[in-house]
Every structure is written in structure tokens, then in C-alpha cells.
Amino acid sequence: MAATFSSRLGFILSSAGSAIGLGCIWKFPYMAAQNGGSAFFMVYLLLAMTLGLALMSVEMALGRASGSGVAGAFLKLGGPRWRWLGRLPMITAFIIMGFYCVVGGWSLAYLFKSLIGQVVSNDAGVLAERFSALIANPWQAVAWHAGFLGLSAWIVLGGVQQGIEKMSRWLMPALFILMLVLIVRGVTLPGAMAGVEFLLVPDFSKLGFDTVLAAMGLAFFSLSLGMGAMVTYGAYLDVGSDLPASAGWVVVLTLVACLLGGLLVIPPAFAMGLDPQSGPGLTFISMPAIFAHMPAGALFAALFFALLLVAALTSSVSLLEVCARFAMDEFGMSRRRAVLGFSVGMFLIGIPAALSFGPWKDATLFGRNAFDLMDYATSNVMLPISGIATAILAGWFCWRTVESQMRQREGTRRTLLAVGRVIVAMVAPVAIGVILVRGV
Ligand code: PFF
């Protein structure tokens, strides 16, 4: 496999591109609002800095050591008994892509609508109504889903360096800058400070088991852990670059992006009197309120949704790459066939998710519609199981290999590695296991 990232920076930015996406800007704000605001943020922060960082370093190490995608890595490093556990992350990525493309499609739709001047309004009722109209319309929901998926497939067809790396390198920094500008406008709206307080001032009375379960699900989702994305990207990384440090950068950048996402979306919701707990529509309903209070609001709206789209694309391409890489490794398929084949599958599995807010709203299983069920089952069940499997494989079955990957820079940091091993081999499986079992 000749393709590699062209530099360590390119690798970090691409991995951060995978991590930073709709998770930070769409999912984090409404989940924080529903799960106790600041309490949720703190638990999320803690989990990301400990288990998240350890698992991310390990995933990258497994990828680089094996030079394969996630299923291949489990098989090569663990042996045949790990075959199916190595496929689980890939299956998870496939399901996530189904609903991820639906939300990506909403972003694409909002970009289009902002270009034709149909997004900005200062009336909370109008904003909520427009959003509902979009997601409830089956044709639109499915068509935008297909459009977003098509864009992802087009990029992945270009291969890692040409497609994924180039896009991340320029557009991720632009996203951060624009978010900062919009935050300044949002938090200075009258009444918005209550939202900042809600997000940042600790309120421990809100801390409950559900908070921890939700935070863990989001930590996996937002850091792209447990579905082989970091393994797959690690496989494209050349020897010599420092893994734990790269993983540290990715985690910190993601945390900052989530914090910015929260500060971006929640304060204007408070200013407008919107219910911040309203769920998945929050970002799309609350953001246009900021634009209504800015000069050239329509322009900023278009810019914002363009960058949201890019953030979503740099993530969706990693999900598609995980699956495509599997078919290329396992069945010797060409990139083209692998990408096209999986895209068709992802389109089909996304249809029930796309219809979950319209005609199939009342079709529920375990009390959840298809969209929620796919989200819940992946984030709260499948990702944690993959996380435990990854930790056990690395901590108990091939630590030597993992360690040598981590220590390519001359014998330093022995204590850090020892601590890392304890986290990976003992703390991660037990902690994730307890949360998982109690949650289910
Ligand atoms: N981390 C991405 C986000 O937060 O939007 C979503 C994601 C991408 C999850 C890639 C998993 C993955 F492998």
C-alpha cells in the first residue's frame, strides 16, 4: 500500500477532520442541553482525555503496525478468533453512515437554501417550522441524503492524499475561525449569556448515570473511536511520527471544537427563547437567529453551512473509507468498486433514517424511530463493544507491538506508557463494560 499521508500535520488534520464533524456542531449542543449542560460537558471532557486519548493512540498504533484496515488489523495482530470482532467496527461505521448522511443532507439543504435567501429569520416559530418542513418531506429528505452521500463517495474515490488530506488541510482551520466570529455575535445577543452559564457553570446536581452513559456515547462518536476510522487512517501513516502526541492533538482539537459548537448553538437558543432541549433540530433552528442579527447575514449563513458541510464531509469520508478499505483488503476489490458498492448500501440503509421525521415517524422499535435506533444502537452499544475489544486486543494480546509503535522516538516516556497500558488493559474494559451493561 503505497498511499500515505504526506506529512504528520496532514495526518493530524485529517484525523481531526474525521473526529470534528456533526458530532461537535450538531450533536454535542443538543445532547449537552438534554443532559444537564455543564455537568455533561465535564464528564465528556474527562472521558475524552482519559479513555478517549488512550484508545485513540491504540487504534492508530494497530493501524500502523498492521498496515491494514480495522478488520485486517484485528486478524493480523490477534489471530482468527478476532475476525468478527474486527468486522464489528466496520459494520458500525456502515450503520452510522446511514443516519450521518441524513444530517449531512440537512446541512447541504441549508447551504442551498441560504444561497437562495431562505434561511435567515428572527422568528423562532418560522425557523422551527421551516426545519420541520424540510425533514418531514420524504422526497427532500431522501434526495438530500443521496446528495451528501454522493459527495462523500466522490471524495473517497479520489483516494487518501488527493481527496481527504487536501480538503482537511484548508477547510478545518477556516471552520474554526468562522465559528469564533459567529460565537462573538451569538453570545452578545440579549439574553444569550444565560446559555453560556448553562454550558459552563458546573451544576453537579444534574450529574446522573444517564449523563455518564450519554457522555461516553458521544465521546466515542465525536472522537471517531470504535469504528476503525483511526485504525484505517493509522494504516496510511508512515513510520517515525509520534503517535500519542498526534492522538493528543486530535483529542484536544475535538474538545475545543465541541466547546465552540456548544458556545455557538446554545446561547442564541436562549436569546431567542427556543427550547434548547428540542433535540436534533437545535443547530439548524438556532443558528439562523444569529445571522438575522448580523450585517450580510445571508452571506454568513451560506458560509456557515458550507463549512458545516465540509466538517461533515471530512467525517463521512472516513466512515466510507473504513468500509471501502475492508472490501479492498478482504476481497481485493478495486477502490472504485468498493466505494460504489458500499455507497449503494449506505443509501439504502439511510432511507429509513431519512423517513423517520416524516412518513415513518410512528414506526418505532423499542420506543425509538429508525433514526434514533440507529444512533442509539451504534453510539451506546456497538461503539463501546468495539472499544472494549480494541482495548483487550491491544492491552492483552499485542501490547509489545502497540508499545513499539508508541515508542518510535527513542526510549522516552516509559512511565507514560506504563500508565497507558494500565488504562488500556484494565481501566478501559472495566469502565466501558460497567457503563455499557448498566445502560442497556
Ligand atoms: N466523529 C464524527 C463526528 O463527530 O461528526 C463522526 C464519525 C466519523 C464517527 C467517523 C465515526 C467515524 F469513524
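In each ligand, atom 1 is the first atom listed, and ligand 1 is the first ligand listed.
Judged by distance alone, the side chain of R335 and the main-chain N or O of M328 form no donor-acceptor pair under 3.5 Å.
A donor atom on one side chain and an acceptor atom on the other are found under 3.5 Å apart for S68 and K76.
For F284 and Y110, the ring centers are positioned less than 6.0 Å apart. Outside the 6.0 Å centre-distance limit, the rings of W84 and F74 are not counted as a close aromatic pair. Taking the ring centroids of F41 and F28, they lie under the 6.0 Å cut-off.
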Show the atom names and distances, to 0.1 Å, of all donor-acceptor pairs under 3.5 Å that link a side chain in residues 138-148 to residues at least two apart or in another chain.
unit_1	atom_1	unit_2	atom_2	d
Q140	OE1	W144	NE1	3.4
H145	NE2	F347	O	3.1

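The contact shell of ligand 1, taken as protein residues with any non-hydrogen atom closer than 4.0 angstrom, comprises S18, A19, G21, L22, G23, Y100, F221, S222, S224, M227, A229, S315, S318, L319.
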